[in-house]
Each structure stands twice: as structure tokens, then as C-alpha cells.
Amino acid sequence: METKLTLLSAQAGYGKTTALSEWARQCRCPVAWISLDKYNNDWSAFWSCVLDSIRESLPRFGESIGFLLEQESAASIDSSISAFLNELNLIKDDFVLILDDYHVIENAPVNESIRYMLEHLPPHVHLYIASRTELLFPTARLLAKGEINVIRVDDIRFELEEGFVFFRETTDLSLTEKQVVELFHQTEGWVSGLQLAAISLKRSGNIADTISQFNGRQRHISDYLLEEVFEHLSVSLREFLLATSVLNRMNWEMCLAVTGKADSQDQLEQLEQLNLFIVPLDDQRNWFRYHHLLSEFLQQLSAREHTELWKQSHHRAAAWHENEGLYEEAVEHYIKAQQADDAVRLIDRLLPELMQSKGSVLVRWITSLPESSYEHMPTFELFYISNLLMDGEWSRGLHRAEQAEKRFEAMRGFIPEPEWNQLIGNLYYLCGIFSYLQQDLPLTSRYFELSELYLPEGSSFQRISSKRYQGHEGFMDLLSLTNNLREVEQFLLKWVKTWEKKRNYPFVGYHYLSYCLLLYEWNRIEEAELYLGQAISRDDLRTNVWIWIHLGLASSWIQRALGRESQAIEWLNDLGSNVDSPDQQVIWKRIKAEQAQLFLSQGQPQQACDWLEQSGISHLDEVKPRYFEEYLILVRILAANNRIEDAQQLLEQLERLADKENRLRGRIKLKIVQSMVLRQSDHPQEAFETLVTALRLSEPAGYIRSFLDEGPLMVKMLAELLNEQQEAAMPLVPLKYIHLLLEAAGSDLSYKSLSNEALTEQEEKVLGLLTEGLIYKEIAVRLNISLDTVKFHMKNVYRKLGVNNRTQAIQRVKQHRHLN
């Protein structure tokens, strides 16, 4: 009780569960016990068991974190488990959580969630884990801090003296000292081996011969002894064991249903009297389970040598569970019984509910069934394909969808037309997304056109989990999903225009967002603001948290580019507080990072540094793709605070990630920031080489804002590079592109005299108010002149500055101020 984690690590039969259960009975604080099995190897199933177990002691625990059970919560473990930890913090006294048989948990998000939980576990909460294998997450840090108590085989195996006590006090055997030593040597202090030996020896006519036949290590001993024990049981008891071995837990009623024997309660009691590896699960001894060694032995024997009994037992167990309303357990048994039709029938009943909460369980069920069993259930296929989409298996998903299209076409004349239109329309919708993710825009448009034809009201898949911010990790930067921005412009505009008049069509939000980001990147700020305004005015987009948050972030960037710093700050401040989502913590993390970036661009590195201290992220972290932007902001802040080595260390990790993800826009942004950090570290030549790489990558797509948003240092570097390249015989990058960037930035030009013709005093006043964020009407009121007069002055200002719009004019003013 003085450590965060107590780990019992030993193979089967060493008494881990017995030791824990005896300790739990003596523990004076509340204990939540979870006996895990293979069905819990899923995010939702695992955390459902944890919450249910804790609620046995604390009935109202976790009422506010029901979202923890949703599959999307696995996508952002820090925020999900932080919410769970907050609930644990509300417990006033010591509390114990026991995870027995943890070796069955191979699910990576579950293991990562336990690692994260341990890192932040409140001091009054203690975790106990019993496992046959080593944990799949690192514990070295806990060990170094003295926060883990490890109990291994050597700690819980019997010593020789304990072996003597065992045979003397718990058996009726009269063994010589030499025989006990020999048994102990063969079993190596393995408790279950000694138990099995005792059971076998009681039936032996020649104890010395039986002991001499023990050979090999534990697995061979257990198989040998279990077979010896099993063969000496009565026929009825053997049949009972084989039939009931299919059950994870049992009472007499379940045993009766599976075996058909009315004396099931007597059989359970007889097994307990024989000490035959049956474990009571409650104090009243109503519920039992077999010891894992016995259970595994019986199941292997039954499946191998008693096939028909094996199938019949699973079928009866399935029918009993279904009759009791335990449908998930029933499906598992139907699948084992090879009753595919019954499994499909129940899965179809559970599909709407489990699509939201237990996607991986559904996938496991569907893939374990022969495809012929659900050919007539196309919704199964649609779910499976949508799951491949969310899991990032895009090539496989598209291939499977193309196969499904043929099967759906064959069904056309056999189901009602409206139902078939729904199926094929949803399939084409998913195909369109797969094609877009693989950068095949012509094919994407073809599929979207087909989806429009059969499903003009839109796919129902677009409204699933709309309150979740998590689960979009593959889509965090939509422009990174395609490397040809020229081609994507016409594509996006086409589909925005096609869907803009549909009122309940949140999928259009992704295209609005992508198009706004594209216009912004090309420095067409006023157009971007126009389309962003259209998107923000739609009620259906407010219901999709991920889209709404990213529209808000884009709005803050546009406001900043237009010189409206206060509006940019206001957008960020309001954005998180006006969103209803269980992923609030992740959302605020993103927003706070953008606020820090804004402080940095305003020349307030201390405020940005304050965010760094509160953010909980470090340059030493293992960077995940969904936090790429946050860590890039961290690089800028580190460099601004002269922590150049830390910034470079983080950049190396980000570069590996960008190369692995193959996202062009991410690589370009990274190279831009990297060049600036190199410049600040007094490596100007390396800085220019990296900047040249960024320019050569970005020039074909016409990137502008990714350079401009980095501020005066980047503009200065571009100007110096231009001067250097103008003198070179063969420029490394097109000089026209650098000119374009410098012109967009208003580089090195005074707004008072950018040409031979200076601005008049009134034109300077108008331009000054424009840079403060005032619109033409407000400028007219402030200067007490007409609106037409303001427009006249601005027309002259544009001409004299050599710009085409207010954004470029403001940028030139800001650049002039920075240079001064």
C-alpha cells in the first residue's frame, strides 16, 4: 500500500489469484476486482469492466465520464484517462484496483492507458496486476522511483520446507522425506504441480512408480497430471467437466442448461470436495470457474477429441445466454458452435449499439464468420468498411468496398428499392472518402456523384459521433491529404457548391474547411473569409465538434492575417467554451497552443513561455501525429527563448514523423521552422540550404502563408536568399517565387514612400485606421468623412503601395514597423 503498482508476474498455477484474493479479504479499504478474459481485450469492454467493478463499492463513480467507454476515447488516451483520474481523485480514502489475468490484454490503447494512468495515479489509489507475462508497457520509471512492488516466481514458489508442510497438513499421504524432495525437485516449488501430484498419488497403487514418471517442466507435468486425474474420474463427472469447460463462469442453472443434468449442483460440490481446481467466485459458493490450467486442458481435449460435445455445449450455452438477454456472450458461443446464422441474427440486433461503442469486437465477430453467412446482411459489410476507414487501412478498405459493390449490385432486384439505394449510396460515400485519402480526385468525384444519385439526403455515416473531437487523427491537417493543391482547388469548389444548399449535411464542412485553408495558404484572405463565413453560419456544422473547432482555428488565423489581433484572440477564447464535447481537454490543449503561437507572433515570448510551462508537453516527449502542430509551436517557443538545442532535438523527432506520415504540407512547415532555428543557432549556410528545400517543395503548389506567418525573420531570410540567388549562375529556386513571397509580405518597403509618390497625410490616417482593424464605415465616422472619400483614399493607397487588397496593404505596414 506504499506503492502505485504491485505486480504479480508468474506462469499459471503459482497462486497469484489465491494470494491476491486472500490479501483482498484482509484489506481494510474498498477493493475493486476485475477478472479479465479474452473478451475484455477491447477498449470499451475493458473500461466497462473497470467502471462496473468500482461501482460495486462506489455506486455513483464515473457518472460524468460515460464517454470513456466509447471507442473514440482510445484515440486520445491522455484526455480520456485524465477524466478517469479526476474521478479517482474524488475518492477520499485509500482505494485498491485489482486487474487479475492481465496477460489477456494485448490491445495497445488499453496498455497505453494503464501506463498513462500509473504515471498520474493519485497517491491514495493503488493498482494490483496479476499476469502470466511481463507487462506490455515500460515500468522502469516506476522502479527507479520506488513506486512499484514486483512479486515474481521466486517470491511465490514453495520452498522445500513449505512442501513438507503442504503434504503433511493438507493431504492424507504418508510420503517419505526423499519422496517429497523428489516431487519438489520435479515441480520446482510450483504450487499447482504439488496439488496435482497429491490428487494423482491418492489414486496410485504404487506411489514410488508414479513419482518416477514425473518428467519435464511445468507444461508437461500439468498435461500429464491432469490427464491422470481426469482418467480416474467417473464417466458422468468427466462428461460434466467437458461440457461445462466452455463456460467462463458458471452456476448450477447454467450447468443444467449446458449438460442437461439435473444434479449439476451436486456435481459442482463434488468437484469442490475433490479439490479439483474449481474456484468459487462468491462467498455463498453459487458461482464458480475452473482454474485456468484445468479449463485450458479441458477445452483442448474437448475441441480435439469430443468435437460434437464441444459444439453442442457451446450451442446450449448460447441459447441460455440469449434467453437471459446476455446477447454478447451468446454471440461468442454461437460462433464457437459454428452456428453462423444465429450469430449473424444476434449481431444484426446489436449492430446499431455496438457500432458506437465496441467496434473492434464487431470486427472480430464478423471476420471470424464465413462471408457466406452474412452476404445477405450488407449492413455488416458497410460497418466493416467504415471501420477500416477509421483505422487508417485505406487501400484495404477501398479494395473491400469495390468487392462489396459487386455483391450489392447482385442484390438489387431482391430488396426494396429505397433500402437498396441507402446501401449503395452509403457504399459510394465511403468509396469517395477512401479515394480522396489516396489522392485520386477524379475517382473521388465519380463516387460522390454516384452517392448523390442514390442518396441525395447524404450518408447516415456522416452523423456518427459528431460530439467527438477524437478519432480524426488521420485528418488533422486536411490540406496534407493531397499534394496537388492546384488540382484540389476545382475539386473542393465543385463539392462546396454542390452541397452548400443542403441543410443537414455536415460532411460539407470538411470541404468548406479544406477550401478555406487552401485560399488562406494562397494568401487569398478575403475569399477565405467569405467562405468561412458561409460555413460558420450553418447550424449543421455546429453539431460536428471537430469541424467546428477547426473552422474556429482557421477564423483566428484569418483575423490575424487581416491585422485584427483582438478578434483573433477573441475567437480563440470563445471557441473552447462554446463546445459541448467529452474531449474538452484535448480541444483546450489545441486552442491554448494556438494562443501561445499568437502571443509569439505579437512579440510576447513570456506569455508564450507561460503556456509552455502549463501545457504538460516537452521536447523530450514521444511525438504523436495528432499533436504535430502543437509540437511545432513548441519548437518556435523554445527557439524564441534561446533553447536552441532543445528545439533542434524536437525537430529531429518531428522530421522522422513527417517523413513517415508522408504529408507534404507538414514537411514544408517543418523545413521552414527548421531553417529559422538554424539561422538563430548561427548556422546561416545550413539555414539557407533548409529554406531552399522548403521553397523547392512548396513552389509547385504555390504556398505563401506558411512562409509569411513565421514573421519578420523569415521575410529577412527570403530577401537575403533572393540577393544571393540573383548573383548565382543557376539559381536553386525560381526567383519569381521568392519575389512573389516578398511582395506578399510587403518586404523592405516603407508605406510612406513605397514608390516615388508619397502618401498624403489623410491617406496615412486612413491606412493607419485600416491597420487597427477598422472597416471603411468606421474609418469614415472616425475621420468625419464620407464612405466614398474613404474608398477614394484607399484606391490611391493601393496604387502607391503597389498592392491589390487591404490584406497586402496591412502586411506592408506591419513589415515596415517590424523593420523599424
Side-chain angles (χ1 to χ4, degrees), residues 76 78-79 469-470 472-473 475-480 509 513-514 516-517 519-521 525 528-529 532 535-536 545-579 581 583-619 621 623-641 647 650 654 665-666 668-670 672-673 676 705-711 714 773:
S76 189
D78 50 359
S79 64
Y469 183 80
Q470 297 166 180
H472 286 77
E473 280 58 48
F475 311 86
M476 292 311 286
D477 181 354
L478 290 172
L479 284 193
S480 287
L513 180 58
S514 297
C516 290
L517 291 174
L519 293 171
Y520 177 81
E521 184 62 72
I525 305 298
E529 186 180 27
L532 190 67
I536 288 173
V545 167
W546 189 88
I547 292 174
W548 187 252
I549 290 298
H550 282 265
L551 287 172
L553 295 177
S555 183
S556 73
W557 302 336
I558 288 171
Q559 298 301 320
R560 186 176 65 187
L562 291 170
R564 304 169 190 160
E565 305 283 350
S566 59
Q567 286 95 322
I569 295 171
E570 186 178 342
W571 252 106
L572 292 176
N573 289 340
D574 292 343
L575 189 56
S577 57
N578 292 330
V579 170
S581 170
D583 305 326
Q584 202 77 20
Q585 187 174 345
V586 181
I587 293 169
W588 271 115
K589 189 172 186 176
R590 183 77 175 94
I591 292 170
K592 292 291 184 183
E594 288 296 333
Q595 289 173 331
Q597 173 67 25
L598 192 53
F599 285 133
L600 205 59
S601 69
Q602 292 173 331
Q604 302 179 61
Q606 185 54 51
Q607 284 88 334
C609 204
D610 291 343
W611 165 79
L612 175 57
E613 293 176 1
Q614 300 167 9
S615 66
I617 66 173
S618 162
H619 66 285
D621 294 343
V623 181
K624 298 176 182 177
R626 66 174 175 269
Y627 293 136
F628 185 88
E629 290 292 337
E630 283 92 328
Y631 280 100
L632 204 53
I633 291 172
L634 175 58
V635 169
R636 298 181 182 108
I637 295 172
L638 291 171
N641 287 275
L650 181 53
L654 287 170
R665 191 161 182 251
I668 290 170
K669 286 186 173 185
L670 185 67
I672 292 169
V673 174
M676 297 171 66
R705 288 307 314 184
S706 287
F707 292 90
L708 266 54
D709 287 346
E710 299 300 333
M714 174 50 58

Quick one: closest heavy-atom pair of [X] and [Y], and the distance?
X      : Y      : result
Ile672 : Glu710 : CG2-CG, 3.6 Å
Tyr631 : Ser618 : CE2-O, 3.5 Å
Leu600 : Pro605 : CD1-CA, 4.1 Å
Ala608 : Ile637 : O-CD1, 3.7 Å
Ala639 : Ala647 : N-CB, 4.2 Å
Ser79  : Val586 : OG-CG2, 2.9 Å

Let me check something: any side-chain donor-acceptor pairs from residues 567-576 under 3.5 Å, sequence neighbours excluded? List them with distances.
unit_1: Trp571; atom_1: NE1; unit_2: Ser555; atom_2: OG; d: 2.9
unit_1: Asn573; atom_1: OD1; unit_2: Gln595; atom_2: NE2; d: 2.7
unit_1: Asn573; atom_1: ND2; unit_2: Ile569; atom_2: O; d: 3.4

For the atom pair [atom1] ([X]) and [atom2] ([Y]), what is the distance rounded to the nearest 0.5 Å?
X      : Y      : atom1 : atom2 : answer
Ile525 : Leu532 : CD1   : CG    : 11.0 Å
Lys589 : Ile587 : NZ    : CD1   : 13.5 Å
Leu670 : Arg665 : CG    : CZ    : 13.5 Å
Glu594 : Phe599 : CD    : CZ    : 12.5 Å
Asp709 : Ser601 : CG    : OG    : 8.5 Å

Next item on the list: Establish, from distance only, whether the side-chain atoms of Asp621 and Tyr627 form a donor-acceptor pair under 3.5 Å.
Entry: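 Asp621 vs Tyr627: no donor-acceptor pair found between side chains.
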Note to self: Does either side chain, that of Asp610 or that of Gln614, offer a donor lying less than 3.5 Å from an acceptor on the other one?
What the structure shows: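 No pair is found: no donor N or O on one side chain lies under 3.5 Å from an acceptor on the other.
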Item checked: Test: Lys592 and Glu630 ion pair at under 4.0 Å ->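 No.
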Item checked: Check ion pair Glu529-Arg564 (N to O, under 4.0 angstrom) ->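 Yes, charged N to carboxylate O under 4.0 Å.
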Margin query: Given 3.5 Å as the limit, does a donor-acceptor pair link the side chain of Gln597 with the main chain of Ile633, or not?
Written below: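 A pair under 3.5 Å: no.
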